[in-house]
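Take a look at the structure below.
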Amino acid sequence: SMAADTGAFVVVWQTNPTGKAVQVAGQLFDPTGARVGGEFRVGSVVAGSWLALPHVAMAPHGSFVVVWQEPDPNDASTLRILGQRFTALGKTLGPTFWISEGLRGPQRFPGVACDPHGNFVVTWNDDQGLGVTTARLYHANGVPVRLPVALTQGILQEDALVAFGWNGTFAIAWTESYPVDIAHLRRFSASPGEEICQYSNGEFDCYTGRSGEIPTIRHPFGGRPGDIALLGDIDGDGRADPCVFRSGTFLCDTGHDSGTTGVAVAFGQDGDVPFLADVDGDGKADPCVYRNGHFLCSTRHDGVADFDLAFGAPGDVPLLGDIDGDGRADPCVFRAGTFLCDTHHDGVADVVIPFGHPGDSPLLGDFDGDGRADPCVLAEGLQCDTAHDGKPGGTLLIPSRLRTMFGNLDGL
């Protein structure tokens with residue numbers, strides 16, 4: 001694997017000099033092909049004769065990640081997937097980490113890829129799931145985004161190949177050998193900020209990158225006349241759920257199985273402006289509505305308004321988003337080209353950001369992935385003020401006539 005910025009590269013392999021124990025080894029090289037330092041060792045020496053199948057991915061600046069398979073110490077008949085991070089000089093970063101934790105049965109054929117920021121994704125075959133290709137996404141600092149996720153369906157899937165794109169997507173290719181051999185390729189989102197989604201004709205179309213390419217996630221849900229599309233993590237599993245507000249009821253596809261309602265919360269009434277936002281900071285998006293100058297939310301999801309905050313004036317466009325990054329969604333309004341937000345939740349606007357123009361369609365969402373909702377407007381495409389200084393910091397050329405929203409739909 002090569003560092004795009006420097007041309008340095010690294011090679012890994014397994015070593016078994018005595019025939020009685022296996023360890024992963026590696027070697028760094030400079031852009032000319034000259035060795036940098038000596039061979040380095042990865043992980044522990046494990047007795048037996050087994051295949052480690054190590055893979056390595058190097059970030060543009062030279063740090064790298066090695067992944068491999070080895071016998072489970074609690075069950076030598078099965079395998080697990082491990083990883084180790086290294087600096088650009090080949091020094092270990094933190095301890096060896098268990099990637100396939102929580103999964104039973106053989107975990108085999110690891111692969112790994114880095115994005116331009118050093119975030120990385122590890123893929124492997126979960127043989128307990130009949131060879132289902134599984135993945136786990138990590139931040140550049142080695143912190144996992146979430147537990148392992150099954151990426152594919154089907155049976156008898158062979159060794160997958162993975163590549164991480166510059167635009168917040170990764171792609172995997174694999175062969176499914178039943179009932180006949182078929183090669184597959186599929187892209188997945190792993191964007192640094194929330195996905196930007198639009199709703200039309202009963203389908204959520206989501207952009208994982210920031211260049212206005214063809215939507216990479218398509219998820220059907222709702223579609224009845226009068227449905228208002230929403231995205232929010234209503235069940236707290238780390239994924240934004242496709243939802244609609246229909247005749248005073250929030251309906252959400254928490255199973256992400258393309259059309260089945262997993263959660264229904266009766267809250268609000270026709271004529272309300274609906275939202276899904278975590279106003280109390282418990283990790284779950286709350287059903288909320290804006291009515292007669294008040295933000296009303298049911299934080300217990302029982303249909304009772306236990307959050308009631310008066311904010312805004314007639315003619316304002318109401319919004320909810322975590323503008324200050326404290327984990328709670330803040331009541332905001334868009335008024336004559338200015339975003340006004342109440343981060344203290346006391347009815348007073350303590351954040352004022354001029355951005356956009358009267359008549360623009362405003363929204364709030366984390367465009368740049370820094371944990372704060374950014375003021376955005378739909379005019380000629382989408383423009384977002386990522387620095388919160390009144391200047392455009394991110395743009396996306398998407399249709400401005402469709403309902404647009406932000407959400408981490410796949411949870412990666």
Are [X] and [Y] linked by a side-chain donor-acceptor pair shorter than 3.5 Å?
X	Y	answer
Thr404	Gln198	yes
Gln23	Thr15	no
Thr254	Asp241	no
His219	Asp253	yes
Asp5	His61	no
Thr78	Asp72	no
Asp126	Gln107	yes

Quick check: closest heavy atoms across [X] and [Y], and the distance to 0.1 Å?
X	Y	result
Asp233	Gly283	OD2-O, 3.8 Å
Pro242	His256	CD-NE2, 3.8 Å
His294	Ala310	CE1-CB, 3.6 Å
Ile353	Pro375	CD1-CG, 3.8 Å
Cys197	Leu231	SG-CD1, 3.6 Å
Phe367	Cys384	CD1-SG, 3.6 Å

Answer yes or no: is there a side-chain heavy-atom contact under 4.5 Å between [X] and [Y]?
X	Y	result
Cys288	Phe295	no
Leu319	Phe339	yes
Leu230	Pro274	yes
Val244	Phe221	yes
Thr338	Phe355	no
Phe86	Leu93	no
Val56	Trp68	no
Lys284	Asp235	no

Strictly distance-based, threshold 3.5 Å: is any side-chain N or O of [X] a donor or acceptor partner for the main-chain N or O of [Y]?
X	Y	answer
His357	Gly337	no
Arg80	Leu103	no
Ser400	Glu380	no
Glu39	Gly26	no
Arg335	Gly315	no
Thr87	Leu89	yes
Asp360	Pro362	no
Gln383	Thr395	no
Arg403	Ala229	yes
Ser1	Met58	yes

For Cys114, which residues count as a disulfide (SG to SG under 2.5 Å) partner, sequence neighbours excluded? none
Test log, rule salt bridge (charged side-chain N to carboxylate O under 4.0 Å, His left out), inputs Arg136 and Glu101: CA-CA 10 Å; Arg136 194 170 192 185; Glu101 63 177 312; 2.9 Å; yes
Run the side-chain contact (heavy atoms from CB on, under 4.5 Å) test on Val122 and Thr134 for me, step by step, so that the C-alpha distance in whole Å, both residues' side-chain angles and the decisive distance to 0.1 Å come before the verdict. CA-CA 8 Å; Val122 183; Thr134 304; over 6 Å; no
Would you compute the distance between atom [atom1] of [X] and atom [atom2] of [Y] and round it to the nearest 0.5 angstrom?
X	Y	atom1	atom2	result
Phe250	Asp286	CZ	CG	10.0 Å
Leu251	Thr260	CG	OG1	12.0 Å
Ile323	Asp350	CD1	CG	10.5 Å
Trp50	Gln14	CH2	CD	7.0 Å
Ile228	Phe245	CD1	CZ	6.5 Å
Ser63	Asn141	OG	CG	11.0 Å

Pair Thr92-Gln84, side-chain contact (heavy atoms from CB on, under 4.5 Å): steps then yes or no: CA-CA 7 Å; Thr92 57; Gln84 176 68 63; 3.7 Å; yes
Does anything in residues 385-397 form a salt bridge (Lys or Arg N to Asp or Glu O under 4.0 Å)? List the pairs, not counting sequence neighbours. none
Is there a ring pair (Phe, Tyr, Trp, His ring centres under 6.0 Å) between Phe204 and Phe406? Walk through the geometry before answering. CA-CA 11 Å; Phe204 291 85; Phe406 285 80; over 10 Å; no
Walk me through whether Ile196 and Leu382 qualify under side-chain contact (heavy atoms from CB on, under 4.5 Å). CA-CA 10 Å; Ile196 300 166; Leu382 177 71; 3.5 Å; yes
Just to verify, which of Val10, Val112, Thr96, Val42 counts as forming a side chain to side chain contact (heavy atoms under 4.5 Å, CB included) with Val66? Val42
side-chain contact (heavy atoms from CB on, under 4.5 Å) assessment of Phe267 paired with His301: CA-CA 9 Å; Phe267 184 69; His301 299 198; over 6 Å; no
Pairs involving residues 88-108, ordered by first then second residue, that meet ring pair (Phe, Tyr, Trp, His ring centres under 6.0 Å) (sequence neighbours left out): Phe97-Tyr138
Asp308 CG: over 12 foreign heavy atoms closer than 6.0 Å: yes
